Number of protein chains: 4
Amino acid sequence: MELNEKQRLILDAAEKLMAEKGFDGTSVRDIAEEAGVNLAMISYYFGSKEKMMEAMFAQRSGYYKLQLESMIRDKELGPMAKMERLIDQYIEKLMNHQAFHRVLVREQMVSGNKMITDHIQELKKQNQALIREIISEGQKKGVFKKNIDLPILMMTLIGTISQLLTTQHFYKEINGLQDMPADEFQKHIRKKLSLHLKKIFHAILSNEA
Amino acid sequence: MELNEKQRLILDAAEKLMAEKGFDGTSVRDIAEEAGVNLAMISYYFGSKEKMMEAMFAQRSGYYKLQLESMIRDKELGPMAKMERLIDQYIEKLMNHQAFHRVLVREQMVSGNKMITDHIQELKKQNQALIREIISEGQKKGVFKKNIDLPILMMTLIGTISQLLTTQHFYKEINGLQDMPADEFQKHIRKKLSLHLKKIFHAILSNEA
Amino acid sequence: MELNEKQRLILDAAEKLMAEKGFDGTSVRDIAEEAGVNLAMISYYFGSKEKMMEAMFAQRSGYYKLQLESMIRDKELGPMAKMERLIDQYIEKLMNHQAFHRVLVREQMVSGNKMITDHIQELKKQNQALIREIISEGQKKGVFKKNIDLPILMMTLIGTISQLLTTQHFYKEINGLQDMPADEFQKHIRKKLSLHLKKIFHAILSNEA
Amino acid sequence: MELNEKQRLILDAAEKLMAEKGFDGTSVRDIAEEAGVNLAMISYYFGSKEKMMEAMFAQRSGYYKLQLESMIRDKELGPMAKMERLIDQYIEKLMNHQAFHRVLVREQMVSGNKMITDHIQELKKQNQALIREIISEGQKKGVFKKNIDLPILMMTLIGTISQLLTTQHFYKEINGLQDMPADEFQKHIRKKLSLHLKKIFHAILSNEA
DNA sequence: GATGAATGAGCTTTCATTCAT
DNA sequence: GATGAATGAAAGCTCATTCAT
């Protein structure tokens with residue numbers, strides 16, 4: 001679905017505000033004002049507030065589509081190297097779209113938006129299927145352990161990033177990083193996350209000593 | 001703060017509904033009806049909807065106070081055993097108060113409720129200080145590694161549990177467990193989480209191998 | 001259904017305004033203002049604008065219930081006398097509740113309010129069944145003609161009154177009665193209608209030369 | 001006023017929808033869609049929704065202009081025959097333009113459209129003046145009674161047709177004619193009305209017997 | 001001449017809260 | 001202490017109309 005300039009403005013504003021205040025806490029009036037468009041445009045373009053969010057999810061959920069296929073076929077990379085790239089991809093995706101991710105976290109358990117959660121579940125499923133290929137490859141080559149619980153390992157991958165993302169304010173404070181410039185801080189936690197998660201994945205997956 | 005019967009009913013109802021629909025998505029009418037009390041009681045007892053939620057947090061946030069002190073002083077337990085107990089305590093706490101935890105996840109980033117987030121940060125800080133004692137003990141005894149990034153390790157601990165908790169529907173489906181009875185499923189994921197997290201903690205903390 | 005003072009005020013205001021501007025042409029704001037009550041009271045008491053009108057119809061439709069039963073059993077009255085009383089009853093009913101009747105005329109063909117039109121049809125049916133008894137009695141006694149098309153006769157009865165009622169402004173003008181006081185004019189047209197309709201009924205029903 | 005193809009389409013659509021839902025219950029969007037034209041065309045061609053209805057009335061009100069003049073001058077016809085033709089003309093006019101007549105009934109009492117009601121009143125006046133000529137002729141020839149209240153007789157004429165027209169659904173049901181084909185039913189009620197109204201006019205007007 | 005985009009005003013309804021008792 | 005009634009504010013949405021092209 002192609003979006004025009006106004007529609008983009010609206011979804012950006014909605015994403016920003018809903019990341020802060022949630023779907024119900026954000027009024028279409030607020031969104032219209034933030035986007036600098038007329039209030040009626042939201043109904044005009046999307047039909048309703050609800051459908052506007054669906055459009056936002058349809059637009060953004062591509063974020064969760066990783067570039068896995070080409071990497072998986074890459075003969076140059078060993079299974080563990082692939083997993084490491086995977087980790088970095090997840091970190092990049094989630095950190096680069098923090099606002100949208102917050103919206104997702106806030107609304108993912110809402111009963112109403114069945115359509116949306118189903119779509120996201122589908123993406124997760126596809127991702128997991130591809131990742132399972134890497135693991136199978138690693139197990140065939142003997143570099144990965146036999147018994148690997150991928151779903152729960154994914155919980156750790158996404159859960160850790162997500163937790164840091166939603167509590168970064170607290171993380172800053174506890175580590176005395178309040179004065180670190182924002183972009184430097186972002187780099188800092190990406191690096192931290194990357195090292196930490198790779199260590200964990202290594203421990204869980206690797207067959208060596 | 002002591003709560004009378006009606007106040008308890010109200011907070012229980014609020015917790016249940018807000019876990020599903022969030023703070024803004026839940027009206028005081030809904031809460032009053034779910035609690036079986038008069039609509040005006042909520043303002044009457046708590047002053048406002050906002051203050052009602054603050055009361056709920058004040059009440060429930062004790063959930064996050066772990067029984068760490070006595071355990072830490074326990075001379076019978078080694079540092080790793082203590083960490084394992086810690087993991088199980090977190091799992092128990094979060095899983096036993098899923099509804100409240102969902103409310104927390106949904107609302108933790110709300111700008112307005114500074115008071116609440118501050119309170120939770122304070123609890124987390126206290127917990128981390130105690131846990132740091134265990135780690136120092138392990139390091140002194142030479143059973144733990146020297147360089148340990150506790151804050152990020154906590155992100156993995158809480159993040160993994162929280163992620164499973166908020167996406168358990170998806171987890172059920174992907175693992176073909178839709179027909180497993182609810183309480184059995186709860187036991188199942190606690191066990192899974194416990195083993196998984198202990199493996200991770202072992203890999204991150206332990207000096208052996 | 002019992003109505004309290006406020007509810008009565010609301011329905012009276014709604015009736016008045018809808019008689020002038022119709023259902024869709026009358027806003028709940030207008031009604032609230034006319035009734036001197038808060039805007040939200042309408043939803044509070046009736047649930048919605050639509051349901052408010054249903055309540056109005058439920059309240060008012062009793063107007064169309066004539067006092068026929070006792071009259072029919074009256075042994076003192078001949079069939080034609082009964083029909084004449086019937087005519088006067090209809091004139092009284094419709095003229096005494098002009099505002100409501102206008103609402104009815106304006107909305108009776110609305111597709112949506114099935115419930116309401118059904119109710120009114122039911123009342124009409126009941127009335128016609130009773131009137132048919134009078135006619136049968138007249139036919140048995142030989143004072144009424146054999147072939148009488150009651151439904152179309154009722155069209156003339158109600159149609160004539162209704163037409164005068166909805167075009168009384170024009171009637172006034174064409175007859176040069178603009179200066180006649182309102183209540184006198186009302187009396188005038190009732191008398192006119194009464195004589196006119198009785199003449200018609202006599203011609204249609206009576207068996208005499 | 002000459003109408004082009006699109007304007008005709010618009011007025012036809014408007015007539016159809018307003019007959020069902022009234023002026024306020026019909027949006028210009030609905031009309032544009034029903035007519036298959038662009039939304040902006042309505043304002044473009046007619047200036048406004050209100051003026052569009054005025055155009056519709058200007059167009060349609062010719063319906064109420066009867067072909068009376070030539071008939072009145074017809075030397076072959078007696079006064080009663082003329083009145084009978086008049087009745088049939090009215091039946092034809094109203095039944096052939098039911099949709100427009102419903103719009104008229106629904107909106108005839110609207111305060112705002114002074115211009116429209118005035119126009120219709122003018123037409124009625126002209127009609128009545130012509131009809132009065134017929135009656136005078138009949139009275140001169142001694143075939144009509146002396147005291148004849150024409151305005152109220154017209155109420156019966158128009159009121160009866162109009163009442164049947166607006167409650168034909170009910171009439172169908174009460175007479176068990178739900179299964180009669182639509183056009184046959186239309187013929188049926190025209191015949192019924194014609195006979196019935198002629199009987200009434202005869203009784204009111206004729207000097208014989 | 002014709003139209004998709006845009007808009008300000010208004011709609012009905014629901015909200016959290018307060019009032020009178 | 002407890003509650004049904006009441007209320008101002010704000011919500012999401014639709015309206016007839018106008019604008020830029």
Side-chain angles (χ1 to χ4, degrees), chain A residues 4-7 9-10 14 23-32 35-53, chain B residues 4-7 10 14 23-32 36-53, chain C residues 4-7 9-10 14 23-32 35-53, chain D residues 4-7 10 14 23-32 36-53:
Chain A
N4 64 33
E5 178 65 11
K6 284 252 162 94
Q7 288 172 313
L9 281 171
I10 291 169
F23 180 82
D24 290 305
T26 305
S27 73
V28 292
R29 269 180 183 77
D30 294 341
I31 296 169
V37 304
N38 183 281
L39 162 67
M41 291 265 61
I42 288 166
S43 294
Y44 179 69
Y45 275 127
F46 300 106
S48 70
K49 187 187 179 187
E50 191 96 7
K51 282 187 189 151
M52 180 210 65
M53 192 167 74
Chain B
N4 64 32
E5 177 66 8
K6 288 223 169 132
Q7 287 172 313
I10 290 169
F23 180 80
D24 290 303
T26 305
S27 74
V28 294
R29 259 178 190 76
D30 294 341
I31 296 169
V37 305
N38 183 280
L39 164 65
M41 297 256 57
I42 289 166
S43 293
Y44 180 67
Y45 274 131
F46 299 104
S48 73
K49 186 187 178 188
E50 191 95 5
K51 282 186 190 152
M52 181 208 68
M53 193 166 73
Chain C
N4 64 32
E5 178 65 9
K6 284 252 162 95
Q7 288 172 312
L9 281 171
I10 291 169
F23 179 82
D24 290 306
T26 305
S27 74
V28 293
R29 263 183 186 78
D30 295 340
I31 296 170
V37 304
N38 183 281
L39 162 66
M41 292 264 62
I42 288 167
S43 293
Y44 180 68
Y45 275 128
F46 299 105
S48 70
K49 187 188 179 187
E50 190 96 7
K51 281 187 190 152
M52 182 210 64
M53 192 167 73
Chain D
N4 64 33
E5 176 64 10
K6 287 223 169 135
Q7 286 172 314
I10 291 169
F23 179 80
D24 290 304
T26 305
S27 74
V28 294
R29 259 179 189 77
D30 295 340
I31 296 169
V37 305
N38 183 279
L39 164 65
M41 296 255 59
I42 289 166
S43 294
Y44 180 67
Y45 274 132
F46 299 104
S48 73
K49 186 188 179 188
E50 190 96 6
K51 282 187 189 150
M52 180 210 66
M53 192 166 73

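Letters A, B, ... are given to chains in the order of the sequence lines, protein chains preceding strands, and every chain is numbered from 1. Worth saying up front: this structure is predicted, and the values here are computed from it rather than measured.
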Selected nucleotide, minimal atom distance to [X] side chain, candidates [options]:
| X | options | value |
| --- | --- | --- |
| D/Tyr44 | E/dT17, F/dC13, E/dG1 | E/dG1 |
| B/Met41 | F/dT3, F/dT14, E/dA5 | F/dT3 |
| C/Asn38 | F/dT17, E/dT13, F/dT7 | F/dT7 |
| B/Leu39 | E/dT13, E/dT17, F/dT17 | E/dT17 |
| D/Ala40 | E/dT13, E/dA16, F/dT18 | F/dT18 |
| D/Ser43 | F/dC13, F/dA6, F/dT18 | F/dT18 |
| A/Ser27 | F/dG12, F/dT3, E/dT17 | F/dG12 |

Output the distance between atom CD1 (B/Ile10) and atom OH (B/Tyr44), rounded to the nearest 0.5 Å.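 Output value for this atom pair is 11.5 Å.
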Return the NZ to OG distance between C/Lys49 and C/Ser43, rounded to the nearest 0.5 Å.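 Separation between the atoms: 11.0 Å.
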To the nearest Å, how far apart are [X] [atom1] and [N] [atom2]?
| X | N | atom1 | atom2 | result |
| --- | --- | --- | --- | --- |
| C/Ile42 | F/dG8 | CD1 | C1' | 15 Å |
| D/Ile31 | F/dC15 | CD1 | P | 11 Å |
| D/Lys49 | F/dT18 | NZ | P | 15 Å |
| D/Met52 | F/dA16 | CE | P | 10 Å |
| B/Phe46 | F/dA2 | CZ | C1' | 15 Å |

Are any of C/Lys6's side-chain N or O atoms less than 4.0 Å away from OP1 or OP2 of F/dA6?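 It does, given that an N or O in the side chain of C/Lys6 lies less than 4.0 Å from OP1 or OP2 of F/dA6.
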Tell me the partner of E/dA2, counting only Watson-Crick (N1-N3 plus N6-O4 or O6-N4) or G-U wobble (N1-O2 and O6-N3) with both under 3.5 Å; none if nothing fits.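 E/dA2 is paired, partner F/dT21.
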Within-4.5 Å side-chain heavy-atom neighbours: B/Met52 and B/Ile31: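 Yes - at least one pair of side-chain heavy atoms lies under 4.5 Å apart.
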Decide yes or no for D/Met53 and D/Phe46: does some side-chain heavy atom of the first lie under 4.5 Å from some side-chain heavy atom of the second?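 A side-chain contact under 4.5 Å is absent here.
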Tell me if the side-chain of A/Arg29 makes a donor-acceptor pair with the base of F/dG12, cut-off 3.5 Å, by modelled atom types.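 Flag set: donor-acceptor pair detected.
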Assign each of A/Tyr45 and B/Asp30 to its nearest nucleotide of DNA chain E by heavy atoms, then name whichever residue's nucleotide is nearer the 5' end.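 Its nearest nucleotide being more 5', the pick is A/Tyr45.
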With nearest nucleotides of DNA chain E determined for D/Asn4 and C/Gly47 from heavy-atom distances, which residue corresponds to the more 5′ nucleotide?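 That would be D/Asn4.
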Heavy-atom pair with the smallest gap, counting every atom of D/Lys6 and D/Asn4: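 Nearest heavy atoms, D/Lys6 then D/Asn4: N-OD1, 3.1 Å.
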